[in-house]
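Order of the sequence lines sets the chain letters (A, B, ...), proteins ahead of strands, with each chain counted from 1. Values below: all heavy atoms of this structure, side chains included; hydrogens, waters and symmetry mates excluded.
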Amino acid sequence: MPELPEVEVIRQDLSQEIDKNSAIKKFIFYRKDIREPIPIKKITTLEGATIKAISRRAKYLIFETSKGYLISHLGMSGNWRIVDSLKLKNVKHDHVEIHLNNGKCFVYNDPRRFGIFGFSENLEKNKKLKELGPEPWSSEFSTSHLREMFKKTNRSIKVAVMDPKVVVGVGNIYASEILFAIGIKPTKKSQRLTLDELEKLIQMIRQILTEAIQRGGSSIKTFQKANGQSGSFQNSHKVYGRMGDACFVCHEKIRKIVIAGRSSFWCPGCQR
DNA sequence: ATCGCCTCCTGCGCGC
DNA sequence: TGCGCGCAGGAGGCGA
């Protein structure tokens with residue numbers, strides 16, 4: 001479900017429900033583990049804490065509280081929804097509820113359970129976060145960074161652009177869309193991109209992710225925003241999920257190939 | 001060190 | 001209609 005835009009949209013929705021006085025009243029856990037064991041004892045110490053902000057790093061959501069950080073990753077199928085505590089009904093695959101003192105409840109639901117819950121007192125010491133590469137809009141995400149990353153590897157650009165050490169947040173859908181938008185085929189070796197192409201790649205990653213966030217993300221399958229609305233960026237997909245359909249630009253048939261085990265869509269007319 | 005392959009898990013859509 | 005199969009937005013571990 002979530003790549004960076006979807007996580008960011010959920011972050012914005014959840015953030016709307018809190019103000020500077022919002023505190024965590026109570027957690028309810030329906031499972032002890034999803035992908036990894038949930039550190040329930042540590043997380044429970046956050047009861048009574050004020051939520052200062054809800055932020056995002058890569059595809060992680062971070063609840064910044066007065067007593068520490070709750071870190072959540074949505075995996076493939078995770079989602080949050082906002083419910084009034086009094087009207088709350090537990091549905092299948094609801095794993096965690098965060099009840100706030102303002103009567104709202106944030107509910108985490110994840111059918112495939114690939115998501116992660118973590119606790120941290122100090123984000124800078126968090127192993128998972130520490131090893132992440134640059135955010136797409138950061139100055140560290142530059143052509144020199146890409147050249148450094150690409151010079152020693154022989155991977156395809158599709159695989160490289162999905163590597164969180166190269167840049168965080170680009171998942172399988174947006175990788176195909178971004179490469180179509182800059183006219184580079186997904187199997188091209190990352191090493192062989194010119195400086196000009198690297199520059200275009202950076203700009204297009206920023207542009208497409210920004211637009212996707214503005215459009216509420218891509219609601220394919222079950223993705224919904226935390227406020228229950230659907231995103232609309234799926235209507236802007238030019239190649240993803242369009243195998244056999246005519247390219248909107250050159251009318252050639254969109255192809256699907258598997259790269260590193262992931263379906264990759266591209267247009268043989270537009271991408272070289 | 002790097003890379004491809006496999007795995008975790010449930011649900012859905014397709015073809016027979 | 002029912003069943004089996006393949007596939008799905010992520011990411012970490014393994015062995016070559």
Side-chain angles (χ1 to χ4, degrees), chain A residues 1-11 30-38 56-61 71-80 91-96 108-118 126-133 148-179 186-187 189-191 205 208-209 212-213 215-226 230-244 256-265:
Chain A
M1 176 183 317
E3 298 184 35
L4 186 151
E6 291 73 32
V7 177
E8 175 60 21
V9 164
I10 285 177
R11 187 198 69 76
Y30 294 96
R31 284 194 81 98
K32 293 195 191 68
D33 54 68
I34 38 179
R35 182 189 170 101
E36 296 174 0
I38 299 175
R56 178 192 58 71
R57 173 77 172 102
K59 298 169 189 165
Y60 292 90
L61 276 179
I71 302 171
S72 151
H73 193 289
L74 294 83
M76 286 279 249
S77 56
N79 204 359
W80 288 90
V91 302
K92 199 173 185 185
H93 307 305
D94 281 355
H95 304 313
V96 180
Y108 181 73
N109 182 288
D110 185 1
R112 292 175 75 181
R113 305 203 301 276
F114 290 173
I116 291 170
F117 272 82
N126 185 274
K127 185 164 178 283
K128 286 196 168 84
L129 297 181
K130 214 166 57 180
E131 289 176 0
L132 292 169
E148 186 62 27
M149 293 298 299
F150 293 171
K151 75 179 181 193
K152 56 196 173 205
T153 86
N154 194 33
R155 297 185 294 182
S156 71
I157 187 61
K158 165 76 165 26
V159 170
V161 87
M162 289 176 66
D163 177 350
K165 289 213 159 87
V166 171
V167 60
V168 299
V170 179
N172 201 41
I173 295 177
Y174 294 103
S176 283
E177 294 299 320
I178 287 159
L179 293 176
T187 49
K189 298 292 185 188
S190 57
Q191 231 174 18
I205 287 171
I208 287 188
L209 295 183
I213 291 166
R215 301 275 301 278
S218 296
S219 283
I220 67 170
K221 308 252 174 183
T222 58
F223 175 72
Q224 289 207 312
K225 299 172 41 158
S230 291
S232 67
F233 195 72
Q234 67 281 4
N235 301 322
S236 297
H237 292 175
K238 306 283 198 299
V239 288
Y240 186 84
R242 298 195 65 244
M243 178 178 60
K256 176 173 122 169
I257 51 170
V258 175
I259 304 174
R262 311 298 299 275
S263 290
S264 311
F265 298 86

Please classify the nucleic acid contact of [X] as base, sugar-phosphate, or nothing, using heavy-atom distances under 4.0 Å.
| X | value |
| --- | --- |
| A/G261 | nothing |
| A/D110 | nothing |
| A/Y240 | sugar-phosphate |

Item to check | Runs of at least three consecutive pairs that involve DNA chain C, where pairs are Watson-Crick or G-U with distances under 3.5 Å | outcome: B:2-8 with C:10-16, B:10-16 with C:2-8
Return the set of residues passing side-chain contact (heavy atoms from CB on, under 4.5 Å) with [X] (not counting sequence neighbours), or none when no residue passes.
| X | result |
| --- | --- |
| A/H93 | A/H95, A/N109, A/P111 |
| A/E36 | A/I116, A/K128 |
| A/F150 | A/L146, A/I157, A/A160, A/V166, A/S190, A/L198 |
| A/A212 | A/P5, A/Y174, A/F233 |

Checklist entry - On a plain distance test, is the side chain of A/R112 in donor-acceptor contact with the base of B/dC9 below 3.5 Å? => result yes
Under 4.0 angstrom between [X] side-chain N/O and [N] OP1 or OP2:
| X | N | answer |
| --- | --- | --- |
| A/K59 | C/dA11 | yes |
| A/S263 | C/dC7 | no |
| A/R262 | C/dG10 | yes |
| A/H93 | B/dG11 | yes |

In whole angstrom, what separates [X]'s [atom1] from [N]'s [atom2]?
| X | N | atom1 | atom2 | result |
| --- | --- | --- | --- | --- |
| A/Y174 | C/dG10 | OH | C1' | 15 Å |
| A/M162 | B/dC5 | CE | P | 15 Å |
| A/I257 | C/dC7 | CD1 | P | 15 Å |
| A/R31 | B/dC9 | CZ | P | 9 Å |
| A/H95 | B/dC9 | NE2 | C1' | 10 Å |
| A/I38 | B/dC8 | CD1 | C1' | 15 Å |
| A/L74 | C/dG10 | CG | P | 11 Å |
| A/K256 | C/dC7 | NZ | P | 6 Å |

Item to check | Verify stack between A/F114 ring and C/dA11 base, 5.5 Å, 30 degrees | outcome: no
Checklist entry - Would you say A/N172's side chain and A/S263's backbone share a donor-acceptor pair under 3.5 angstrom? => result yes
Next on the checklist: For A/S230, is there any backbone N or O sitting under 3.5 Å from a side-chain donor or acceptor partner on A/S232?
Outcome noted: no
Checklist outcome for this item: Here the salt bridge (Lys or Arg N to Asp or Glu O under 4.0 Å) pairs for residues 159-172 of chain A, sequence neighbours left out, are A/R155-A/D163
Checklist entry - Which pairs with one or both residues in residues 167-179 of chain A pass salt bridge (Lys or Arg N to Asp or Glu O under 4.0 Å), sequence neighbours excluded? => result none
Item to check | Results of ring-ring contact (aromatic ring centres under 6.0 Å, His included) for A/F114 - residues two or more places apart only | outcome: none
Checklist outcome for this item: salt bridge (Lys or Arg N to Asp or Glu O under 4.0 Å) filter on A/R11, not counting sequence neighbours, yields A/E8
Checklist entry - How close do A/R31 and A/I38 get, heavy atom to heavy atom, and via which atoms? => result O-CD1, 3.7 Å
Checklist outcome for this item: side chain to side chain donor-acceptor pair (under 3.5 Å) filter on A/H237, not counting sequence neighbours, yields A/S218
Next on the checklist: Is there a side-chain contact (heavy atoms from CB on, under 4.5 Å) between A/S176 and A/K158? Walk through the geometry before answering.
Outcome noted: CA-CA 7 Å; A/S176 283; A/K158 165 76 165 26; 4.0 Å; yes
Checklist outcome for this item: Among B/dC3, C/dA8, B/dT2, the one nearest any side-chain atom of A/R155 is B/dC3
Next on the checklist: From C-beta outward on A/E3, which listed nucleotide comes closest to its side chain: B/dT10, C/dG10, B/dC3?
Outcome noted: C/dG10
Output one line per pair: protein atom, nucleotide atom from nucleotides 13-16 of chain B, and distance, for all N/O pairs under 3.5 Å.
none

Item to check | Rounded distance in Å between the P positions of B/dC6 and C/dG6 | outcome: 14 Å
Between the protein and nucleotides 12-16 of chain C, which nitrogen or oxygen pairs come in under 3.5 angstrom?
residue, atom, partner, partner atom, Å
C/dG12, O4', A/R35, NH2, 2.9

